[in-house]
Every structure is written in structure tokens, then in C-alpha cells.
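Everything on this sheet refers to the single structure shown next.
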Amino acid sequence: MLGPIGIFDSGVGGTSIWKEIIRKLPLEDTLYLADSANAPYGNKTKHQILALSIKNTEFLLNSGCKIIVVACNTATTNAIDHLRTHYKVPFIGIEPAIKPAALQTKTKRVGVLATKGTLSSSLFHNTSKLFAQGITIIEREGTGLVELIETGQTDSNQLRELLMEYIHPMLKENIDSLVLGCTHYPYLIPILRQILPDNIKIIDSGEAVARQTHAILEKEGLLCHENRAPRHVFYSNSDITTLQKLVGTDKADVSYLDF
Ligand code: DGL
């Protein structure tokens, strides 16, 4: 029997990717690690992010995962090259969706909200250079957002105020697209829709990651074809309340584990 799809994030944000993955791959088992005890990754050094990514990867591999989805922009942009060269399984990463945004912007001005760790990475800079020629990118670090989402806040006043502070300078710069460069941020879409004018498109990479996961599993002959109820296991090394709230306990098995 083939193993589950392994997924990790600094915390609960990668569940936004997990939801896209199970929609696209409904027969697959999944094993998700929320490294919430170490969240946020975004303010850590590249070295620290790499060490945490290796720890998560080794746990997932020791649990028999056949593929690993790094459901964290910060971990992908700082660690995926290393992971791909050191481990044999396929890795799927996520990075801010600069290319689709650059293809569809009319004002040629795109906002990117992401963590410090992502915005300062060379992978992010290289992608921007490659795909956003002639486009102005207005970057903003989403300081404090991950911490609030980790505690289950997705519509508090504090969150709204922080978002207004981060988004207003972008609006002044006449962006018409906002790239969500952190897997926690799709949970902010309802509140962002209230803040943003209707003409501004919100772009995130969740669906593209699920498509890519499907494509690689198919190419490698790793797709599950067994028609039975899949098993979804979640571990968090911190309080599991938010994780349970976001994934629901009806279809997932969520528990605390000091991994
Ligand atoms: N979900 C992570 C990401 O996509 C959050 C990073 C953090 O923990 O700061 O970047």
C-alpha cells in the first residue's frame, strides 16, 4: 500500500492547502504536521527555517509519506532546494503567485502580502525578476497576522486594523491584484473582501498546489486508486483548538503530539 501525502506548515495555515488537496485528490490519505509550537517561521533566520523543515520532513518520511507538500511559503522559499537534494521523495512547494498576477494585472502594479522570511528569500526575488518584468511589486510583511490566525482569530478588530494598515499603502499605489503569499492568509479572504474595492483581485496558490500534487503523483505512478474512505491525520505540537476548528473533527483525526 502506498503511504499518505505528507503536508507540513509552521502551524494551521497549510490547512488551506490541505482543503484544496483533498478536493482534487479525494481518495488519498493525508498526514499533516502543524508546527505551531515554533510558529511563526516568518521571523526566523534561514538556518532556523531549514532546521525546522528538516525536522518536519524526517517525521513525515519516518511515517511512510510518499510525497511531501511544503504547505508554507516561508519554508518553501528558504528550504525546498535543500530538501529536494537530500531526500528521495518528490516535494511540492508553494510560493507567492507572482506569475499569474503579472499575467493578469492591468495597472501593472501588484501587491504581495507575505512574511519577512518569504520576502527576503532569494527564491522570491528570482521568481519576481523572472516573471514580473515591467510590473511594479508592492511588498508588505504581514507582521502579526500569523500569530492572530493561530489563536483562531480571523475577524477580530485587531486583525482588521492590521490589515488596513498593510493594505492601504498598496491601494494608494494603484494595485489591482493582491497576492496572498502565506498559507495562513486565505482565512482572511472574507475580511479582505470587505476592505478591498471590488475591482481588486485576490490571488492565492492553493489550487495550483493541489493540481501540481496530482500531476506529480500521476507522473510517478503514486496515485491511490483504492476506493475506500481516506484517512486524514493531523498532529500539532501546541494547542489543537484552532486546528480542530479549521479542519473539522468529522473527517479528520486531530491530536497533540510533541514531534
Ligand atoms: N503559513 C506560513 C507561510 O506560508 C506562515 C509563516 C509563518 O509561520 O510565519 O509562509
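Values below: every heavy atom of this structure, side chains too, minus hydrogens, waters and symmetry copies.
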Heavy-atom side-chain proximity of N73 to P96 below 4.5 angstrom: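 With C-beta onward as the side chain, the pair touches.
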
Quick one: are I7 and I17 in side-chain contact, heavy atoms under 4.5 Å? no

Given the rule in the side-chain hydrogen bond (donor to acceptor under 3.5 Å, both in side chains) test, do Y87 and E58 qualify, once you have shown the distances and angles that lead to the verdict? CA-CA 9 Å; Y87 302 97; E58 296 200 343; 2.5 Å; yes

For [Y], is there any backbone N or O sitting under 3.5 Å from a side-chain donor or acceptor partner on [X]?
X: T74; Y: G117; value: no
X: T105; Y: A101; value: no
X: K106; Y: D176; value: no
X: H214; Y: A210; value: no
X: N237; Y: S36; value: yes
X: Y32; Y: G14; value: yes
X: K19; Y: L246; value: yes
X: K66; Y: L222; value: yes
X: E218; Y: A215; value: no
X: T85; Y: H82; value: yes

Parallel, tilted or perpendicular: which fits the ring planes of W18 and F234, with parallel below 30° and perpendicular above 60°?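 It falls in the perpendicular class, over 60°.
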
Testing the basics here: between [X] and [Y], what is the closest heavy-atom pair and its distance to 0.1 Å?
X: D29; Y: R231; answer: OD1-N, 2.7 Å
X: L113; Y: E141; answer: CD1-C, 4.4 Å
X: R109; Y: N174; answer: CB-O, 3.8 Å
X: L159; Y: L188; answer: CD2-CD2, 3.3 Å

May I ask you to check whether [X] and [Y] show a side-chain donor-acceptor distance below 3.5 Å?
X: T118; Y: T115; answer: yes
X: T183; Y: S16; answer: no
X: T242; Y: E150; answer: no
X: D9; Y: Y41; answer: no

Do the side chains of Y187 and L163 join up, straight or via other hydrophobic residues, at under 4.5 Å, putting them in one cluster?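 Looking at the clustering, L163 is in the same group as Y187.
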
With hydrophobic residues grouped by side-chain heavy-atom distances under 4.5 Å, do I167 and I138 end up in a single group? yes

Please check if the number of heavy atoms outside [X] that lie under 6.0 Å from its [atom1] is greater than 12.
X: D155; atom1: CG; answer: no
X: K99; atom1: NZ; answer: no
X: E207; atom1: CD; answer: no
X: K55; atom1: NZ; answer: yes

Start with the C-alpha distance between T15 and L243, add both sets of side-chain angles, then the distance that settles side chain to side chain contact (heavy atoms under 4.5 Å, CB included), and finish with yes or no. CA-CA 8 Å; T15 58; L243 194 56; 3.7 Å; yes

dist I195:CD1 -> Y166:OH (nearest 0.5 Å) comes out at 12.0 Å

Please output the side-chain donor-acceptor pairs of residues 197-206 that fall under 3.5 Å, not counting sequence neighbours, one pair per line with the distance.
unit_1	atom_1	unit_2	atom_2	d
D204	OD1	G206	N	3.0
S205	OG	E95	O	3.2

